[in-house]
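Every chain is numbered from 1, with letters handed out A, B, ... down the list of sequences.
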Protein chains: 2
Amino acid sequence: MPQTAAPAVKKPSRIQLRNRRKILDAALDVFSQHGFRGATLDQIAETAGLSKPNMLYYFDSKEAIHVELLNALMAEWLAPLEEMHPDGAPLDELLGYITRKMEMSRTYPRESRLFANEIIQGAPRILPDLNQRLKPLFDEKCALIRTWMAAGKLAPMDPGQLLFSIWAITQHYADFDAQVQVLMPDADAAWESARHHVDTLFRKLLTP
Amino acid sequence: MPQTAAPAVKKPSRIQLRNRRKILDAALDVFSQHGFRGATLDQIAETAGLSKPNMLYYFDSKEAIHVELLNALMAEWLAPLEEMHPDGAPLDELLGYITRKMEMSRTYPRESRLFANEIIQGAPRILPDLNQRLKPLFDEKCALIRTWMAAGKLAPMDPGQLLFSIWAITQHYADFDAQVQVLMPDADAAWESARHHVDTLFRKLLTP
DNA sequence: TCGTGGCTTGACCAAATGGTAAAAAACATC
DNA sequence: GATGTTTTTTACCATTTGGTCAAGCCACGA
């Protein structure tokens, strides 16, 4: 018996890794800007610098690319919430989470818009993930926040609504960037101001 | 000289009014769910209960329908903000505005998603409106809020960031409804809870 | 250096898409 | 009921779209 089981699929070559990465990056561009149905394979292929048939050599279909993107995204999206630990100082844990989410909006706006597009359009392809991965984590963290509030460490409120508020505000800066840029033309200053505002807002809200 | 100038276009017939309304309503359904590029004329026509050529008898093109929707929407969208008056009690004026926005999210979720889709996708068709209609109103109301804060009637903060937070949270319930429904299955209870949470949040934030 | 298997391409396809032209039907008005 | 106007339909078109296929290329290990 071999020490390690033979891999079901051979390990991908350098070329495969490179091209799959190029395709996913291009697809993120296009899907996040136009949504699933508004995106075209030709546009993704051109952005990736590959021919369309070549692209379909690496992915079975348009939907396969989209699903792969969403799966990867879901993990990255949950990570900051998972890092909120029961044994830290409650206010610091929550404000830390908020800061992490703000930085994600700044660093990965395309991912944020991809997710927003999918949800706005009724989450047709990510609904199972929402139920199986997000829901349990959401319930767990709600329970945790509730114990913190019961212990008088945080101002009492509905933990679910609190998380909604956090998500709404932090993602707004990525998703509605076009609007923010019109209303606050100096992007760098706007971001600095936003960081400070969001931290202050939730600090005031959460302090008992 | 006639008392009233002859109208450039004859007043629309009952049939025209009815069919244009049916088309715009169907288009709102489809555009808000799939975005501009993801929506198809066939789908809009079928939803409206008209043939595609018949629909194109009332509107010149797909883009014409979309633009008409966005124009009408912009007015409705600005109205609640315009109603925030300088001579009212500052806290009541702002909380009233927030309540109005929450009710709009509840009553017109399709309109909210139409707007969200357009902005997420870079506002290609509504950018002029954003600059010419939203920006002046935004600046005016920011100035008003600033005077209220300077007078000690409200806790001091960046008024622009405050408005962003209001928009983000209130629209979240319409735009991310699919996610909210997964995490809070009882929709009616969720809305009641949301109303209370949002009012409490901003009351606490704004009280000096 | 020579196969050989992974990678790439050009040509192609059926269906869908935005849109048009003209005739037919419905309607209003006299 | 004749007449002109508005509305609707039928048939159609060029382009785009997601996807296939067979043949060719090329990198790399023997």
Peer 1: Are B/Arg110 and B/Asp25 close enough for a salt bridge, meaning some N to O gap below 4.0 Å?
Peer 2: yes

Peer 1: Measure NE2/A/His66 against C1'/D/dG18 and give the value in whole Å, please.
Peer 2: 15 Å

Peer 1: Applying a 4.0 Å non-hydrogen cut-off, can you work out what A/Ala64 is touching in the nucleic acid: base, sugar-phosphate, or nothing?
Peer 2: nothing

Peer 1: Without hydrogens or angle criteria, can the side chains of B/Asp29 and B/Thr47 be said to hold a donor-acceptor pair below 3.5 Å?
Peer 2: no

Peer 1: Which one, D/dT7, C/dC7, D/dG18, comes nearest to the side chain of A/Tyr57?
Peer 2: C/dC7

Peer 1: Quick one: on DNA chain D, does A/Leu56 or B/Met55 contact a more 5' nucleotide (nearest heavy atom)?
Peer 2: B/Met55

Peer 1: Between D/dT7 atom C1' and B/Leu50 atom CG, what is the distance in whole Å?
Peer 2: 11 Å

Peer 1: The side chain of B/Lys62 is closest to which nucleotide in this list: C/dT8, D/dG19, C/dG18?
Peer 2: C/dG18

Peer 1: Taking for each residue the nucleotide of DNA chain C with the nearest heavy atom, is it A/Ser51 or B/Glu63 whose nucleotide lies nearer the 5' end?
Peer 2: A/Ser51

Peer 1: Just how far, in rounded Å, is P of C/dA15 from CG of B/Asp42?
Peer 2: 15 Å

Peer 1: Could you check how far CG of B/Leu17 sits from C1' of D/dT7, rounded to whole Å?
Peer 2: 14 Å

Peer 1: Are A/Gln161 and B/Tyr173 linked by a side-chain donor-acceptor pair shorter than 3.5 Å?
Peer 2: yes

Peer 1: If you only use heavy atoms from C-beta on, which nucleotide in C/dG19, D/dT8, C/dT17 is closest to the side chain of B/Thr40?
Peer 2: C/dT17

Peer 1: Find the distance A/Glu46:CD to D/dG18:P and express it as a whole number of Å.
Peer 2: 14 Å

Peer 1: Measure from the side chain of B/Pro53, starting at C-beta and using heavy atoms only, and say which of D/dT17, C/dG18, D/dT10 lies closest.
Peer 2: D/dT10

Peer 1: With a 4.0 Å cut-off on heavy atoms, is B/Tyr58 in touch with a base, just the backbone sugar-phosphate, or nothing at all?
Peer 2: sugar-phosphate

Peer 1: Are any of A/Gln16's side-chain N or O atoms less than 4.0 Å away from OP1 or OP2 of C/dG6?
Peer 2: no

Peer 1: Can you tell me if the side-chain N/O atoms of B/Asn19 get under 4.0 Å from OP1 or OP2 in D/dT8?
Peer 2: yes

Peer 1: Could you give the CD1-to-P distance, from A/Ile44 to D/dT17, as a whole number of Å?
Peer 2: 11 Å

Peer 1: Can you tell me how far CD1 of A/Ile145 sits from OH of A/Tyr97, rounded to the nearest 0.5 angstrom?
Peer 2: 8.5 Å

Peer 1: Report yes if a donor N or O on one partner sits less than 3.5 Å from an acceptor N or O on the other, where the partners are the side chain of B/Lys52 and the base of C/dG18; otherwise report no.
Peer 2: yes

Peer 1: With a 4.5 Å cut-off on side-chain heavy atoms, are A/Leu162 and A/Asp158 touching?
Peer 2: no

Peer 1: Quickly work out the B/Arg37 CZ to C/dT17 P distance and round it to whole Å.
Peer 2: 14 Å

Peer 1: Does any part of the side chain of A/His197, heavy atoms only, come nearer than 4.5 Å to the side chain of B/Phe164, both counted from C-beta?
Peer 2: no

Peer 1: If only side-chain N and O atoms of A/Asn54 are considered, is one of them under 4.0 Å from the OP1 or OP2 phosphate oxygen of C/dT9?
Peer 2: yes

Peer 1: Scan A/Ala45 against the nucleic acid and name what it touches under 4.0 Å (heavy atoms): base, sugar-phosphate only, or nothing.
Peer 2: nothing

Peer 1: Tell me: CG of A/Leu41 to P of D/dG19, nearest whole Å?
Peer 2: 6 Å

